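Just so it is clear: chains get the letters A, B, ... in the order the sequence lines come, proteins before strands, and each one is counted from 1. What you are looking at is a predicted structure, and each value in this text was computed from that prediction instead of being measured. The figures here come from the full heavy-atom set of this structure, side chains too, leaving out hydrogens, waters and symmetry mates.
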Number of protein chains: 2
Amino acid sequence: MKPSPPKMSAALKNRGPKRLKVDPELLLNAAQRVFSKSGMNGASIRAIAREAECDPALIYYHFKSKEAMFHALLDRKMPPIAMELEALADPSNTEPTSLRLWRASRVFRHYFGEDSGFRAVLRGQILNGTEGTKDAIARHIQRNAKCNWAILEQGIERGHLRADLQVRMTAFFLVRMFMEIFDLIPAIAERIANVPANQALVLAERAWFELFWRGVAAHPAKPLPPELFSVE
Amino acid sequence: MKPSPPKMSAALKNRGPKRLKVDPELLLNAAQRVFSKSGMNGASIRAIAREAECDPALIYYHFKSKEAMFHALLDRKMPPIAMELEALADPSNTEPTSLRLWRASRVFRHYFGEDSGFRAVLRGQILNGTEGTKDAIARHIQRNAKCNWAILEQGIERGHLRADLQVRMTAFFLVRMFMEIFDLIPAIAERIANVPANQALVLAERAWFELFWRGVAAHPAKPLPPELFSVE
DNA sequence: CCTCAATTTCAACGACCGTTGAATTATTCG
DNA sequence: CGAATAATTCAACGGTCGTTGAAATTGAGG
């Protein structure tokens, strides 16, 4: 994590203060909070420094730039998600495809559901970030996406899903709509449909997965297992 | 359109220059371009003025603030959409529900499909705008949404759609996923799935509507009319 | 031409921005 | 202790921002 600046000359390396006030991990935490609150452009180095209760210049000691901070944040946040999904997508898993897809959606909910700011930054950066940032995000997303593709392909092989599914598009639909539900339903349910936000959220998640499942299943007349939505 | 400043005293009103250089409509055009390119926060009054080739202060002569410009933009952009949708949702329209829903999606494509910046601003402002802006957007969106709700409700009555549909959620799913396709597929298709963007866009629209239709139709085994996707 | 009002420009305010180089503090080793 | 080094702070640069009040420009009515 400690980056470029410290170039030690010889065996005299463990000299200076090791943990004085501010750990880079603390800076990342502060950065995540500020990014989440203000977005990538709105988040100033000075605001991150205020949040971390340190001097703005210190951030440049630990990170090359604001963009580098965001990349570090990505590298901290995304791999755990990929690992959970990779376990879920293992071909030896013979649970019903509907259950596996639902569980995959729960992984995204667990890691992204309560961090609307980070979702927004991620979405904004893949649209408008620098080329380097777009590439970095794409690599992380692809690793996740491959798991969903695998689950869908196995579902087709096992006869659970329509054989003519566009696998990669379908994976996009599943995940992206959950993200949109997290983002937008709380913001618009009360204003547009006059439904309390928390109530709308649960309703939307369920309605979406039912619609999705009916859309992809080989035998849509066969309903979802009723215990599905009580799985944590 | 001309706002507060000009308070004329008597019959001496048609004195000064009437159309000198900059019409407020031109300012709105410039604002739309800049909002689209830079987002709501990123778009500076100075940048809008540069785009309109006028002085920044002139903008404050015609509009109370940047937010007021955005509201004026909304009031110009949204009503034509609502009018097209309201015509489409008229109960006397007895076309197949699938066709009506597809046409509704084409209305959104027509007005939003080539203006990714405005979509982004709209989405951003309903999440993070001021209360006044959120309310204004919600009013416009609700007027549109009601049309989609009506088409879905008529579809249920006519036996085209599942009777247990969550109408308002379903309308959200339909439209919002098209928007996400416009936004994200071009940005991620090449990087993540290695598919050319323009090709992916067409594929995604079709795949989404097929999944959606199968998810909502009363008889999903009955396929969509094949001519659907050749309707302009 | 002159007046007067509608329109447009100018100049400036204070604030915040990302970044950098030099100076300062804190800690460990000899 | 004193030197060396890691961690941190300070002060400043040039820049952009939203906004405003005063000044200048424009054009029609008299």
Side-chain angles (χ1 to χ4, degrees), chain A residues 1-28 30-31 34-35 37-71 129-130 133, chain B residues 1-28 30-31 34-35 37-71 129-130 133:
Chain A
M1 193 63 69
K2 314 284 168 61
S4 30
K7 274 279 175 59
M8 16 239 168
S9 53
L12 312 167
K13 30 169 62 175
N14 282 354
R15 283 295 185 82
K18 288 189 178 159
R19 254 172 320 161
L20 284 189
K21 282 180 59 184
V22 182
D23 191 84
E25 210 67 20
L26 284 177
L27 287 180
L28 278 186
V34 177
F35 282 147
K37 201 193 309 171
S38 314
M40 189 70 178
N41 286 338
S44 66
I45 293 285
R46 285 175 162 87
I48 296 173
R50 270 193 299 273
E51 179 79 19
E53 294 179 332
C54 74
D55 191 273
L58 180 59
I59 293 177
Y60 285 90
Y61 178 74
H62 288 292
F63 300 94
K64 189 168 128 277
S65 64
K66 199 163 76 166
E67 190 179 349
M69 282 199 101
F70 179 66
H71 286 207
T130 66
T133 298
Chain B
M1 192 65 66
K2 316 283 168 66
S4 29
K7 272 282 175 57
M8 17 242 171
S9 54
L12 310 168
K13 33 170 64 177
N14 284 354
R15 283 295 185 84
K18 287 187 180 163
R19 253 172 321 161
L20 284 190
K21 282 181 59 184
V22 183
D23 192 84
E25 211 68 18
L26 285 178
L27 288 180
L28 278 186
V34 177
F35 282 149
K37 201 191 312 170
S38 315
M40 189 71 178
N41 287 338
S44 67
I45 293 285
R46 284 175 163 89
I48 296 173
R50 269 192 299 272
E51 179 79 19
E53 294 179 332
C54 76
D55 191 273
L58 180 59
I59 293 177
Y60 284 91
Y61 177 74
H62 288 292
F63 299 94
K64 192 167 126 275
S65 64
K66 199 162 75 166
E67 189 179 349
M69 283 200 102
F70 180 67
H71 286 208
T130 65
T133 298

Can you check each nucleotide of nucleotides 14-20 of chain D against protein heavy atoms at under 4.0 Å and return B for base, S for sugar-phosphate only, - for none, in 5' to 3' order?
-> ---BBBB
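Protein atom CG of A:Leu26 is 14 Å distant from nucleotide atom P of D:dA7, rounded to whole Å. Here C:dT7 presents its P atom at 13 Å from CZ of B:Phe63, a figure rounded to the nearest Å. At whole-Å resolution of the value, CZ in A:Phe70 and C1' in C:dG18 are 18 Å apart.
Between B:Tyr61 and C:dT7 there is a side-chain N or O to OP1 or OP2 distance below 4.0 Å. For the OP1/OP2 pair of C:dA6 and a distance below 4.0 Å, the side-chain nitrogens and oxygens of B:His62 include no atom meeting the criterion.
Atom OH of A:Tyr61 and atom CG of A:Asp55 lie 14.0 Å apart (nearest 0.5 Å). Note that CZ of B:Phe70 and CG of B:Leu28 are 11.5 Å apart. Values are rounded to the nearest 0.5 Å.
With sequence neighbours left out, B:Ala68 forms a side-chain contact (heavy atoms from CB on, under 4.5 Å) with B:Lys64, B:Ser65. Residues that satisfy the side-chain contact (heavy atoms from CB on, under 4.5 Å) test with B:Ser38, not counting sequence neighbours, are B:Val34, B:Ala43. Applying the side chain to side chain donor-acceptor pair (under 3.5 Å) criterion to A:Thr130, with sequence neighbours excluded, gives A:Glu67, A:Thr133. Considering only residues two or more places apart in sequence or on other chains, B:Ala30 meets the side-chain contact (heavy atoms from CB on, under 4.5 Å) condition with B:Arg33, B:Ile48, B:Glu51, B:Ala52.
At least one side-chain heavy atom of A:Cys54 sits under 4.5 Å from a side-chain heavy atom of A:Leu27.
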Does the pair B:Lys66 and B:Phe35 meet the rule for a side chain to side chain contact (heavy atoms under 4.5 Å, CB included), with working shown?
-> CA-CA 10 Å; B:Lys66 199 162 75 166; B:Phe35 282 149; 4.0 Å; yes
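Rounded to 10 degrees, the angle separating the terminal axes of the helix from C:dT3-D:dA28 to C:dG30-D:dC1 is 20°, with each axis obtained from five end pairs.
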